[in-house]
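Presented below is the structure to which this report refers.
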Amino acid sequence: MKNLLYREVCLENYTDLPQAVLDGADRIEICDNLAVGGTTISKGVMGEAIKYTHEKNIPLVILVRARGGNFVYNDIELKIMEADILEAQALGADAVCIGALTADGQVDYEAMEILIAAAGGMELVFNMAFDELNFDEQKQTIDWACEQGFSRILTHGGPKDTPIEANLGHLKELIAYADKRITTLPGGKITAKNAQAVADALQVTAVHGTKLLA
């Protein structure tokens, strides 16, 4: 019987993609360098991953991030990410996962507008840069993301080194504020073992993680 919980599986490069599809991933986010939180895959990997997932009718999300570290990008890094998004669009990716912040801890709206324009109608996902914002900024970002047509926000609900269970209270606040205007997708330290319990606690039907498939 198919798992009733919608599982977005985050994969590093192409290596594990065919097995993840075979194991029942509902949607895949692909990136490189998970040890630093993920960076953009190469053009070659992007092309093969899009081709494979489309043959299997599995949506593919491309994480677009020029480097590890923070989410404060200079002009050259933004140009790199813009070019990667244009490539993803040309190759037929379903969605891009993006996020950019200012040095003082707010969304870099100017940078984000550049990236959104490059996406040219592809589905938009706000990445875990969201977790670096304070609650007031997060609420403002939810409003803005809704206006810009983002489909979901990927969030751990707290610092990345905390267990997801420690962040359930804040995640509930975010979900309540979003009020079904946009999907709040919990991720980070969600595994096959705790996924259903987390989903039940938050009353959500989808989760994100690198270890969701038993």
Side-chain angles (χ1 to χ4, degrees), residues 6-101 108 111-130 148-154 156 160 185 187-188 190-192 206-213:
Y6 192 95
R7 295 168 297 173
E8 179 180 279
V9 180
C10 181
L11 298 179
E12 184 175 73
N13 214 284
Y14 185 90
T15 309
D16 297 324
L17 193 152
Q19 189 62 48
V21 171
L22 190 64
D23 289 343
D26 296 294
R27 182 171 60 224
I28 290 170
E29 180 191 79
I30 193 165
C31 65
D32 239 332
N33 301 308
L34 271 173
V36 296
T39 58
T40 312
I41 53 175
S42 72
K43 175 182 176 180
V45 172
M46 200 181 292
E48 290 303 317
I50 291 168
K51 180 181 176 182
Y52 190 88
T53 51
H54 283 188
E55 287 174 353
K56 304 298 182 180
N57 295 313
I58 303 292
L60 185 72
V61 183
I62 307 294
L63 175 66
V64 178
R65 190 176 177 212
R67 54 161 172 76
N70 64 28
F71 296 91
V72 182
Y73 301 110
N74 62 35
D75 289 345
I76 297 299
E77 290 167 336
L78 280 173
K79 286 181 180 179
I80 291 169
M81 292 192 292
E82 182 182 24
D84 287 338
I85 292 172
L86 289 169
E87 193 63 54
Q89 183 194 56
L91 290 170
D94 298 293
V96 287
C97 186
I98 56 177
L101 306 179
D108 188 337
M112 290 294 282
E113 286 172 5
I114 291 170
L115 301 181
I116 291 168
M122 274 192 293
E123 185 178 9
L124 299 169
V125 182
F126 201 107
N127 69 23
M128 285 189 179
F130 182 81
Q148 297 299 317
F150 279 71
S151 63
R152 58 189 175 274
I153 295 173
L154 179 60
H156 183 58
K160 60 185 177 182
L185 182 63
I190 301 180
T191 68
V207 292
H208 168 103
T210 59
K211 298 176 181 178
L212 287 176
L213 303 176

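Remember, predicted model here, so these are calculated numbers, not experimental data.
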Residues that Asp84 engages under side-chain contact (heavy atoms from CB on, under 4.5 Å), provided they are two or more places apart: Thr40, Val64, Ile80

Check side-chain hydrogen bond (donor to acceptor under 3.5 Å, both in side chains) between Asp108 and all other residues, then give those that pass, not counting sequence neighbours. none

What pair of heavy atoms forms the shortest contact from Ala49 to Leu17, and how long is it? CB-CD1, 3.8 Å

Is the shortest heavy-atom distance from the side chain of Ile98 to the side chain of Phe150 under 4.5 Å? yes

Heavy atoms only: give me the nearest Ile28-Val21 pair and the separation to one decimal. CD1-CG2, 3.8 Å

Side chains of Met122 and Ile85: does their closest heavy-atom pair fall under 4.5 Å? yes

By side-chain contact (heavy atoms from CB on, under 4.5 Å), which residues pair with Leu34, not counting sequence neighbours? Cys10, Glu12, Cys31, Thr210

Any chance you could measure Leu91, atom CG, to Lys43, atom NZ, to the nearest 0.5 Å? 7.0 Å

Taking the side chain as every heavy atom from C-beta outward, state whether Tyr14 and Met46 have any pair of such atoms under 4.5 Å apart. no

Looking at every non-hydrogen atom in both residues, tell me the closest pair between Asp94 and Pro59 and how far apart they are. OD2-CA, 3.4 Å

Residues 53-76 vs salt bridge (Lys or Arg N to Asp or Glu O under 4.0 Å), sequence neighbours excluded, gives Arg67-Glu77

Enter the distance from Leu115:CG to Glu82:CD here, rounded to the nearest 0.5 Å. 7.5 Å

Is there side-chain contact between Leu63 and Ile30, with at least one heavy-atom pair below 4.5 Å? no

Which atom names give the shortest non-hydrogen contact between Ile62 and Ala88, and what distance separates them? CG1-CB, 4.3 Å

With a 4.5 Å limit on heavy-atom distance, are the side chains of Ile58 and Asp26 in contact? no

Heavy-atom nearest pair, Ala119 first then Val96, reads CB-CG2, 4.1 Å

Minimum heavy-atom separation for Val61 to Cys97, with atom names? CG1-CB, 3.9 Å

Please, which pairs that meet salt bridge (Lys or Arg N to Asp or Glu O under 4.0 Å) have at least one residue in residues 112-125, sequence neighbours excluded? Glu123-Arg152

Once rounded to the nearest 0.5 Å, what's the spacing between atom CG of Leu185 and atom OH of Tyr6? 9.5 Å

Distance col, row Phe71:CZ vs Met128:CE, nearest 0.5 angstrom, shows 9.0 Å

Val9 vs Glu29 side-chain heavy atoms within contact, under 4.5 Å: no

Are any side-chain N or O atoms of Asn70 and backbone N or O atoms of Val72, one a donor and one an acceptor, separated by less than 3.5 Å? yes

Applying side-chain hydrogen bond (donor to acceptor under 3.5 Å, both in side chains), can you list everything that pairs with His208, at least two apart in sequence or on another chain? Glu8

Working to the nearest 0.5 Å, report the span between CZ of Phe126 and CG of Leu124. 11.0 Å

Without swapping roles, check the side chain of Arg7 against the backbone of Gly24 for a donor-acceptor pair under 3.5 Å. yes

Between Thr39 and Asp32, is there a side-chain donor-acceptor contact under 3.5 Å, judged purely by atom types and distance? no

How far does CG of Asn127 sit from CD1 of Ile153, to the nearest 0.5 angstrom? 10.5 Å

